[in-house]
Structure formats: C-alpha cells, structure tokens
Amino acid sequence: MSISFLIIAVLIVGSTAAAMGLRNPIHCVLTLSITFGGIAALFLQLGAEFVGLTQIMVYVGAVAILAVFAIMMTQSRRGLMLGTFSRNALVGLLTAVAVFSVLGWAVLSQPVAGVTAAVSPVSVQQIGSSLMHEYVLPLELIGLLLTAALIGAIVIAMERKEDTE
Amino acid sequence: MTGLQAYLLLSSLLFAIGLAGALTRRNAILVLIGIELMLNAANINFIAFWHYGPATTYITGVMFAIFSISVAAAEAAVGLAIIVAAYRHSHTIDLDSMNSLKG
Amino acid sequence: MTWIVRYVCLIPALPMLAAGISALLPQRSRKPAAGLAIVSMAASFALALCAFAAALSNPSPQVFNFSWLQFGDQTLALGWLLDPLTAVMLVMVTFVGLLIFIYSTGYMEHDENFTRFFCFLALFAGGMLGVIIANSLLLLFMCWEIVGLTSYLLIGFWYQNPRAAAAAKKAFITTRIGDLGFLIGMVWLYAQAHTLLFYDSGRGALESGAVSHLAVTTTIYGLTLSSAIGLLIFCGAMGKSGQVPLHVWLPDAMEGPTPVSALIHAATMVAAGVFLIARIYPLMSAHGVEVVTPTIALQVVTWVGAITALFGATVAVAQWDIKRILAYSTVSQLGYMMIGLGVGGPAVGMFHLITHAFFKALLFLGAGSVIHGCSGEQDIRRMGGLRKYMPLTFLTYGIGMLALSGFPLVVSGFWSKDAILYSAHHWSVSQLPFYMASLGALLTAFYMTRQVCYVFFGTLRLPGHGPVSHSEPDSEDTRHHGAGHPHESPAVMTAPLAILAFFAFALGFLGTPLWPWFQSFLNGDHSVAAEHEPGLVATMAASSVIALLGIFLGWLLYGRQSIATCEAPDVLERAQPQTFRVLHQAYFIDAIYDATFVRLTRWTAKLADLLDRFLFHGIVQAISFGVLGLAWVDSFVDNYVVNFGFDSSWRSISMGGRAMAALQGGRVQAYLRYIGLALVALVLYLLWGVAR
C-alpha cells in the first residue's frame, strides 16, 4: 500500500466516475483516457511495463480516439442533447452497488497475502519469445480474430446504398 | 489489508463503476466504454495476481492481459462499427428507443 | 414348292391393301375406291386361278410357314397353305366376290357412302381369303374375326336405320358366342398339340402324329380329345354358318345392302363355318383305338345340320320378305352342307358349298335387282307379274330357283344335294337325317316356287299400281327412287346375274356321279371314275321326285290362280293360321331368346342393379355412416376434451411466453442488469458455500 498506489487509485476512480457520469459524451471520453492512463501506470507500477505501454497504445491511442470518432459520427444536430441516464438508471446503479459490495466482501473476506518477494520485471524479450513458443497458437488465433474484426467492422459500418433511403 | 487486496478492491470498484455506467447511460457508445472499463478491471486483476503470484517468471498473467487487450480492441472496433450501423439504420443511439432486440 | 405357294398370301393381301387405301380416300372419290376394289379383286382372282392350276398338278398340301412370335422357348408360327380345298374356295370366293363387286357399283350407285362401302367390301374379301389360305388355326381365327368385324360393319352399313344397327349388333354378339367355343378349342388344341399349324411336314396339328395322339386321349364323358376340340371349334362354325341355335342373326342380317347379303350372308362368309369344318376334318374324323365309324364330333355335326336344314326350310315357307325367304333358305342349305360334311366328308359338303355359293349369290343378286327395280320394295305380296318388266332378272332368277330346288339333272343344285342325300341314306348311325333332309328338300322346292309365283307371276301389286297403297317401313332405299314403274336393272347388274346363272347350271357337271371330278380332286386322287354304287339311281330318282313334287305343290297352291291383292292371305295361312304364324315367326326362337336369354340377362342386370342399389349401396352407406359417426364422436372429443385441454395448456404456455417476453424487453441494459444481479447471486452463493 504505497502512496503512489493511493494517488493512482484515486485518479482512476475519480476519472472513471467522471467518464460514466458526465453529460457530454466527448468529456466522458476525455476523462476515460485519464482512466486508461491511470491503469497503465498501475501496470507499470506492478512491473508489467509491456502491458502498461500496450494499454496506453491500444486504449488511449486507439479505443478512445475511435470512441470520439463514433460519437462525432452519431451526433445528430437535433438530438445532440439526449437524456444522460436511462429510465431505469436507479435500478442499474443499485445493481452496480450490489455487485461492488459482494465483490468487495469477497475480496476482504479472503485474506490472500500473496508473495511480495523479489519482483523481476518481465522483459519484452521474454514476452516475445513466449509469444513465439508457448503462445504461438493463441497468437495466430488473435491475429485471425483481429483480421476478422477489422474486416467485420468495415463491412458493418460501410455505408450501403439501399440503407440511405 | 494486503497489497493484493487493495488492487483487487480497486479493480472491483472500477468494475462496479463500469457496470454502473453500462447500466445507466443512454448513449450506446458510453455503454460500450463502460464495458471496456470492466475489461480493464479484469486486466488489473490479471496483472495483480501475476505480481503477487508465486514466481514472476511465469508470465502467464501478463500474456493473458496482452491477449485480453487484443480481444478488447477487436471488441471495441466491432462494437463501435455496430453502433454506427445501428445509428444509420434507426438514426439514434438511444438505447431506450432501441428495443427491437426482443422476441 | 412352286412359286405360287409363296405368293398365295397376295390373294388376301391385295384386297386388304385396297381397303387400306380406300379408307384414306375422301368420300367423293367414288370411282377410285370402286376401281381399286375391283382391280384388286380381279388380280386376286387371277392369282387364285394360278393357285388352282398349281393345286391341280400337285394336290398334296403345300405350305409356307414362318415364325411370327417367339416367347420363351415357344415359337408361334403362322403360315399359309395351298391344297385343293383352298384352291377351290379361293377361286369361288374371288370369282363371286368380283361379280358382286361389279354388281355393287350399280346397286350402290346412289349411296353417299359408296367409298366406305367398297372399303368394307374389300376388307371383307381380304379377311375371307385369309381364312381360306390360313395354315394356322391362329391366323385363321384372326381372319375369321376380321370377317366377323366387316360383317358387322356391312350389316350396319345403313346405321342410321336402328333396325340395321340392331341387326349388326345381333350378328356380332351371336357369332361371338360361337367364337368363344372356337377360342377355347384353339387354346386347348395348342395345349395338347403344341402347335396351331395345320400342316408342318409331319408336325402339324392335322397330321397323323398329333391327330393320332389326340384321338386316343379321352376326356370327360369318354369323349376323345380330338372330338372335344373339334366340337368346340364347331361352335365357332355354328355361329358363323348360322346353325340352329345360333342362326338368329342371319335373317336379321338382311338389313344390310343386298350385295352384302349376297356376298357375305349367302355365298362366302356363312360358308366359312362349313369350310372350317372341312379344314379340320382330319381332326373331326380321327378314330381312336376302338373304331367308332362316324366320330362323336361328326355325328353332332350331322344332327345339327339336319335340324338346321329342316328348320330353315319350314320357316322359309311362311316369310313375306323376299330377302328373308332367301336368308332362311341359306340357313337351311348351310344345314345341308353340314350334313354333307358329317355323313360324306369334305368333298360332299364342299361341293354343295360351291354350287350353293353360285346359285345363292345369283338369287340374292336377282332379289337385289327386283328390289332395285321395285324402288326398294321387299314384300313379295306387293310384287307380282314382274316377268314382263324385268325379263332378264326373271330368267336368271328362275335358273337360281331351279338350282336351289334341285330340279333334276340339269342344274348344279340337284347334283350336290343328291350327293348329300345319297351319303345320308348310307349313314350307319341313323336314317333320320336322311328323312329330315328329304323333307327339307321338298319344302325348299315348294317355298322357292311360292316365291317365284308371288314375285314374277300374277298381276303387279306395287303401291300405286295395286288397288291399295300404304307405305312399307321395310323399304331400304326408297330415298333413291320415287315409287314408279318397275324397271329392268342396268347391265352392270344383270351381267353378273347372267354369269352366275351360267355357273349355276354348269358347275353341277363337275361332280355328277358319272364323272365325280370335284370329289376326287378334293380327296386328292386323280382317278376320275364313275362309281356305280348300289342305290345311287334310286336316290337320284327319289330326290328328283321330291324336287318335282315340291315345285308342283308350289304351283298348285300359288301359281294356278294368280294372287289378286296384297291383302289376300296366304293359302297356307288360310288353311293353318296357327301353324303359319309359328313358322312366320320362325318357331318364335327370337321371342324365346328374348324371353329367356335376353330376359335372363336383363334380370341379372336388374338384380345386379338392385344388389348395387340396396345391398352394396347399403353397405357403403352403412360404412360411410359409421365413418361419419366416428368422425362426429371424434369431433366431439376434439371440441370438448382435446380442444379444452389443448386450449388451456396453450393458454398457459402463451401466458408463460408473455411473461417471458416481458423479460425480453429488447433493452440491452435490462439484460445487463439481470446479468449483474445474477452475478451478485452467484457470488453470494459461493461465499456462503465457502463460509460453511
């Protein structure tokens, strides 16, 4: 329980709450990138540098930007100001609280200490060789999945003549 | 409260906030973002368990996180594409008015 | 085998070809149709003469066989043959046929269906000639049926007339009854002899091998197989040749045009039955181990012939229609032929067949000429005195009448009938057929004299000429001529009459006891020698006396004082009205058939109808009602039990579905909510489980 963890944790929780609670979607995405950055910092702190950098690249660099684009593309002049929360927002909030309380209870009721001994940061070389040896099949599969997602996203989002009246 | 518990608690909180967002926002894009947050919470758990695991030379947790990030990226791309297509179809991304997914 | 044997098949083929071509000709091409038929018939006649010459030089049967159908290891062979019997019949049929064809061009001149008529005539001639040349019972049967068909078509030629249509049907059905026996006999013969060929170099059904096998095998009632099969085939001959009791169609067949009556129902077709018996004579006369001199089959043939001969003669006495008299006369004469076959063998029967063909054709054509001259009148009571108007017809008709009556020594009919009577007299079984035949001969002379007296002597009693005139429904072609003065027929009709009259005379000399060329030719030996047998002269004298007595009686009753009016009753009718009526109605055989067979058939039909209507219909109804009741019960159960249960369960399912559908609101967030709550529940469950 270090100071840095506390700062990061506060940052993450705050920005996440803002991202889920702000009215303007663009603001939401902006605060979301802070959350992603915070999570990356958490990873770095835990010694998983590669995952942290990947987190920044993928989430801050790609997903957040993509979300901004999507928001801009779906923004209709007339319906810009949607209601922020849905009709059953209270039920949803209560559900989330319930989930958090059971999860927190679960975490706190099991005193898992873990091994806090020598932490050797995992090197990029290590990850690369694992990817090419033990994880070569998942790597190939994920490549396939990404290709499929890429093509699928293009096909789904592609503007069709007959759809545009 | 041990270090691991702190991380797990944080990830639980993150997960709960993401869930709350996914459950309460009307904007489909923000719902998707909420789901991304829940995935990130899971990633934090992976890394935390790896960090506090028996030996950090077993990089399974890291690899899992990496793959999870990749899947999440793919999911975000497809999900946003679906939202764009749905918007084009019904001219809204308001989930309250999108209820055709029913029997 | 001379060339002619191979080409004998052309003799029936040519008229058939002509029939086929003229069937395709349009109705208006009258001359080509008639010309084709006549030319084909003339060619057939020429070929028949060649065949006759070939048969003269070689009287043994010459055959040409070929296999027609092969199924399994059985081969069905057809073929034709040339023997004296065939040769004689070929010449007779082609010659008489040719004359009648020529005559028909005059007689049918005004008929609009002239072309069709010649088509049928040619087809008939082809079928008849096919019967004659056939060397296979099967081929014979096929041609036999063609003949039956054309007979039907020609009797019903004026099918607009319901009586003609009925007569055609009657002829067809009656002969079919006989043909059934023929067919059964044929199948039986094939089963026993394994062939239907007559002559096949020792393996034919009529040759010694098969016949001796058939003659020693006995079936039911001790009948030999040969006799049994022969009798079955004789059924066919009875139908075709109008033997009692299947004669009923023949008088009715006179509804057809007169040339048809002459060709088919006097000269040729009705002779086919006689010819058939002559053809299968080796089978009919086959002896078993114990020699019964006349076989059962021949005895039956003789008795049937005798009954028919007497029957026909008695009925002919009491007829008014000129053609019906001749028709019953034909029935009677066919009976004579059967007697001749039964008692004297093929030569005797066939001789009478040939002579009869000529003089009966002559008589029919003469009658046709009379009818033609009298504008379609057929009732002899309204004729009379025609010898002044139609001298040539009178002359030729007189010759025909003398021939039929058996006028001594000069005409052919005398010699042929005498041969029959002589043979009958020497029959070992019974003398009764001889007496029946003699009585028949007396009556024949009598009724022919009566007819001639009515038609040609006395005064003309035609409507418009006689004192009373009323229309006669019997008229067959009044539509062609207005009632008028009787007139002589054109030369195209009288010339055949003259030729036939000549042969009615001359043919007799081929078969006199002094020079029995015909008999020896048919029997296949060339020793033409006079046979002086005991009692020959006595029989000749007796038959002469009989014929002369008949003619005298006829003249006594009808010729001495001329018949004044057409209303005057017949002399016999005055004397014996009851008997006359019975005879006029031909012993009421038609009525009896109507009362028995026809009525039986009707009743059976009616019974079947009733059965259908009440029994079977009732059963069907009951079944259908049963089914209906079941269906009602079923529907009741459906409506009130199944439907109720089904409906209520359906309703609950539907309600459950609706409740479930409420969960499926289509709102993604609601689903997510349920997932979240489920997660909470799961974690709580797990924690409690661990805590315990």
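Just so we're on the same page: letters track the sequence lines, and every chain starts at 1. No hydrogens, no waters, no symmetry mates; every other heavy atom, side chains included, goes into these values.
Proximity to chain B (any heavy atom under 4.5 Å) is shown, for Ile71(A), by both the backbone and the side chain. Residue contact with chain B, scored on non-hydrogen atoms closer than 4.5 Å, involves the backbone and the side chain of Thr16(A) alike. Using a 4.5 Å cut-off between heavy atoms, Tyr59(A) contacts chain B through its side chain alone, with no backbone atom that close. Heavy-atom distances place the side chain of Phe15(B), and not its backbone, under 4.5 Å from chain A. In this structure, chain B has a heavy atom under 4.5 Å from the side chain of Val99(A), while its backbone stays farther away. For Leu13(B), the parts lying under 4.5 angstrom from a heavy atom of chain A are both the backbone and the side chain. Interface remark: Leu30(B) contributes backbone and side-chain atoms alike to the contact with chain A (heavy atom separation under 4.5 Å). Residue contact with chain A, scored on non-hydrogen atoms closer than 4.5 Å, involves the backbone and the side chain of Ile82(B) alike. At a 4.5 Å heavy-atom cutoff, the contact between Val107(A) and chain B is made by backbone and side-chain atoms alike. Looking at Ala62(A), neither its backbone nor its side chain comes within 4.5 Å of chain B, counting heavy atoms on both sides. No part of Ile8(A) comes within reach of chain B, as not one of its non-hydrogen atoms sits under 4.5 angstrom from that chain.
Residue Met20(A) comes nearest to Arg25(B) through the heavy atom pair O-NH1, 2.9 Å, listed as atom of the first residue, atom of the second, then distance. Contact record, Met73(A) with Tyr87(B): O-CE2, 3.7 Å, taken as the closest heavy-atom pair. The heavy-atom pair separating Ala96(A) from Ala16(B) by the smallest distance is CB-O, 3.6 Å. Taking all atoms of both residues into account, the shortest heavy-atom contact from Gly104(A) to Leu9(B) is CA-CD1, 3.8 Å. Between Ile29(B) and Ala67(A) the shortest heavy-atom distance is CG2-O, 4.2 Å. Taking all atoms of both residues into account, the shortest heavy-atom contact from Ala74(B) to Leu146(A) is CB-CD2, 3.8 Å.
For Phe5(A) and Tyr7(B), the ring centers are positioned less than 6.0 Å apart.
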> Leu37(B) and Leu32(A): side chain to side chain contact (heavy atoms under 4.5 Å, CB included), yes or no, with the steps?
Replying inline: CA-CA 9 Å; Leu37(B) 285 174; Leu32(A) 183 72; 3.6 Å; yes

> Taking it one step at a time, do Thr35(A) and Leu14(B) satisfy side chain to side chain contact (heavy atoms under 4.5 Å, CB included)?
Replying inline: CA-CA 10 Å; Thr35(A) 307; Leu14(B) 195 60; 4.2 Å; yes

> Between Asn40(B) and Gln55(A), is a side chain to side chain contact (heavy atoms under 4.5 Å, CB included) present by the stated rule, with each step listed?
Replying inline: CA-CA 9 Å; Asn40(B) 270 296; Gln55(A) 171 84 10; 2.6 Å; yes

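Atom OG of Ser15(A) is separated from atom CD1 of Ile17(B) by 8.5 Å, given to the nearest 0.5 angstrom. Between the CD1 atom of Ile66(B) and the CD1 atom of Ile142(A) there is a distance of 11.0 Å, given to the nearest 0.5 Å.
Between Leu93(A) and Leu23(B), the closest side-chain pair of non-hydrogen atoms is not below 4.5 Å. Side chains of Leu46(A) and Tyr52(B) form a contact here, defined as non-hydrogen atoms less than 4.5 Å apart. Using a 4.5 Å heavy-atom cutoff, the side chains of Met63(B) and Leu131(A) are in contact.
Contacts with chain A were tallied for Asn43(B), Ile47(B), Val78(B); Ile47(B) has the most, counting heavy-atom pairs under 4.5 Å. When Val84(B), Leu19(B), Leu8(B), Ile44(B) are compared by the number of non-hydrogen pairs under 4.5 Å with chain A, Ile44(B) comes out ahead. When each of Leu150(A), Ile127(A), Leu141(A) is checked for heavy-atom pairs under 4.5 Å with chain B, Ile127(A) comes out on top. Note: Ser12(B) leads Gly18(B), Ser12(B), Ala20(B) in heavy-atom pairs under 4.5 Å with chain A.
Counting heavy atoms of neighbouring residues, nucleotides and ligands inside a 6.0 Å radius, atom CZ of Phe64(B) does not exceed 12 of them.
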